[in-house]
Engineer: 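Handing you a structure now.
Labels below follow one simple rule: chain letters A, B, ... track the order of the sequence lines, proteins then strands, and each chain is numbered from 1. Small disclaimer: the values here were computed from a predicted structure and weren't measured.
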Amino acid sequence: MAKRIDVSGLTAYYGSHKAIEDISMTVEPRSVTAFIGPSGCGKSTFLRTLNRMHEVTPGGRVEGKVLLDDEDLYGTGVDPVSVRREVGMVFQRPNPFPTMSIYENVAAGLRLNGSYKKSELNDIVERSLKGANLWNEVKDRLNKPGSGLSGGQQQRLCIARAIAVEPKVLLMDEPCSALDPISTLAIEDLIGELKERFTIVIVTHNMQQAARVSDRTAFFNLSAVGQPGRLIEIDDTERIFSNPSVQATEDYISGRFG
Amino acid sequence: MSTAAVTDKRPSTLRAASLPKWTSPAIAVGAIALGIGISFAADLHSEIQWALIAAVLFVLGTYGISARVEGRRQAKDRVATSFVWVAFLLAVIPLVSLVWTTVSRGVKVLDVYFLTHSMGVVADSEPGGGIYHAIIGSLEQVGLATLIGAPIGVMTAIYLVEYGRGRLAQAVTFFVDVMTGIPSIVAGLFILSLMLIFEMQPFGFAGSLALAILMMPVVVRSTEEMLKLVPNELREASLALGVPKWRTILKVVLPTSIGGITTGIMLAIARIAGETAPVLLLVFGNPFINNNPFEGAQASLPLYIYQQYAQSAGANAAYDRAWAASLTLIAFVMILNLVARGIARWKAPKAGR
């Protein structure tokens, strides 16, 4: 199910502004990879290039290769819509569809794509909500609007919505930054469970979180404001947090700069 | 009051003298009485003059009394508040007066007979007759105009917000702005020139075309604003699920903003429902019932009102009919607005638990 991502020589632009430059890395399947680094260093931009959401932004374009199990996402004839069905995304702020109920939110991906059997839909919704550890809290009010849930519940609803379409990879862009510690813990536990089935990439500003949930950690930095962000190093999380090979990483992690 | 007021005998820096609550109404009553008094003394007969004098006295009196008792800062605050009240009353008076006049004069002949009969066998200067033909004409012309104008307007707005980039979008925005400013008579003349080229006689649908031209820019503008209000995060959430862009617009963006879009369309309908000039040019008016908007002259409510005034040589029966038709038109627009609000509330994104 889960797929490997191989990025090589990836550069992304906003119009004429180069946001990230020459990034190469491998993301292992069935693992959690965390991106850390100061604000504006291009972590989120890089994340969005992994499911072709970067080009949704006006002026956004990408050079380089992103291989999803040996298939180039930016190859000719590749449909970004099918890429996004393989590589799902959870955003910083919980964003359930306000016009839809909890049930419809989870079913949205399948319904809007028209690729489902009616009889299976109930099962998929239940399975996804259970997968997002939300089922017990909402099973009695599936037809209530999703926006009536608390922030943490909404974020788990968004995760349920993302995993309902059975992606191979799940990208998370600071999924806990708008949440309280208890909801954060719930999401972190969930990430631990989800990595059995998906390849997970998570952007976070919280280094304890990166240390807690991830198997591998990538550190991004930029040499100066206005310069493009670069990948400084990527290694096993334990090593990054105990004995990183680049001085800049150690400085950032120990809070001496950035 | 709090217990502190009882126990604390020292002079407080937080509490200051304040006027009792009935001060403002009292000053208002005093100002009105004084205003009327001055007007009698100066031999002014117009109620408008009385009211203006009273308004000025109210503002000045509030400032003077409050500055004496409460200090200058409070006085300025009270003056600002009283200005707002005076402005509110000045704005409401014409509105209430208009509704009052229309209702009181309109109800005289407004009954079921009036709503279900035409002017076919009644001379304009005689009593009797009704507005059935004008209601039919208005409904058909406005309905057809909406069928043309609303979809084009909404789709233009979708193009501008969701797809439009570069010069084409700028040009469309510019021309929509220009269209917003087109006087209705010009839209009428434009269609009339086409009619003359094809040597056609007046008919209802020609009026619909002119009304659609007037309606479109209003729909585009309001729909555009509504679509811009839809958070980008929702579009991205949908796209990230692998939903194609057109389905995202259809199933996420439009449902989220449908309440506002409907309201905008209803307001545009309300606007064109009262247009007289293009209807006069293109539909011409007709005392008989004509159910077919594609052939022959028709009536419409605003045109009927105008013609009852203009062509009846001052007959009271015609004036009464004009007022009753005005009342019907206002009620029609009012009902549309209420429906729009209802739809907006019904379709609005719900936050309930």
Engineer: State whether the number of non-hydrogen atoms from other residues, nucleotides or ligands found under 6.0 Å of A/I182 atom CD1 is greater than 12.
Structural biologist: no

Engineer: Hey, does A/L112 have a side-chain heavy atom less than 4.5 Å from the side chain of B/V252?
Structural biologist: yes

Engineer: Pick one of side chain, backbone, both or neither for A/V90, based on which atoms fall under 4.5 Å of a heavy atom in chain B.
Structural biologist: neither

Engineer: Could you check whether atom OH of B/Y159 has more than 12 heavy atoms from other residues, nucleotides or ligands sitting under 6.0 Å from it?
Structural biologist: yes

Engineer: So with a 6.0 Å cut-off around CZ of B/R341, is the heavy-atom count from everything else above 12?
Structural biologist: no

Engineer: Could you tell me which portion of B/R165 (side chain, backbone, both or neither) has an atom closer than 4.5 angstrom to a non-hydrogen atom of chain A?
Structural biologist: side chain

Engineer: Any non-hydrogen side-chain atom of B/P231 less than 4.5 Å from a side-chain atom of A/N95?
Structural biologist: no

Engineer: Return yes when atom CH2 of B/W85 has more than 12 non-hydrogen atoms of other residues, nucleotides or ligands closer than 6.0 Å, and no otherwise.
Structural biologist: no

Engineer: With a 4.5 Å heavy-atom cut-off (strictly below), which parts of residues 239-248 of chain B touch chain A? List them by number.
Structural biologist: B/L239, B/A240, B/L241, B/G242, B/V243, B/P244, B/R247

Engineer: Would A/F97 and B/L234 count as a side-chain contact (heavy atoms from CB on, under 4.5 Å) here? Give the steps.
Structural biologist: CA-CA 6 Å; A/F97 298 129; B/L234 293 182; 4.0 Å; yes

Engineer: Around atom CG of A/D70, are there more than 12 heavy atoms from other residues, nucleotides or ligands closer than 6.0 Å?
Structural biologist: no

Engineer: In this structure, are over 12 heavy atoms from other groups packed under 6.0 Å from A/E71 atom CD?
Structural biologist: no

Engineer: Inspect the surroundings of OH in A/Y14 and state if more than 12 heavy atoms from other residues, nucleotides or ligands are less than 6.0 Å away.
Structural biologist: yes

Engineer: When rounded to the nearest 0.5 angstrom, what is the spacing between CG in A/D173 and CD in B/E236?
Structural biologist: 9.5 Å

Engineer: Hey, which of A/E86, A/M89, A/R52, A/M53 has the most heavy atom pairs under 4.5 Å with chain B?
Structural biologist: A/M53

Engineer: Select all residues of residues 124-134 of chain A having any heavy atom within less than 4.5 Å of some heavy atom of chain B, and report them by number, or 'none'.
Structural biologist: none

Engineer: Examine whether an atom of A/P80 lies under 4.5 Å from a heavy atom of chain B, and if so say whether it belongs to the side chain, the backbone or both; otherwise answer neither.
Structural biologist: neither

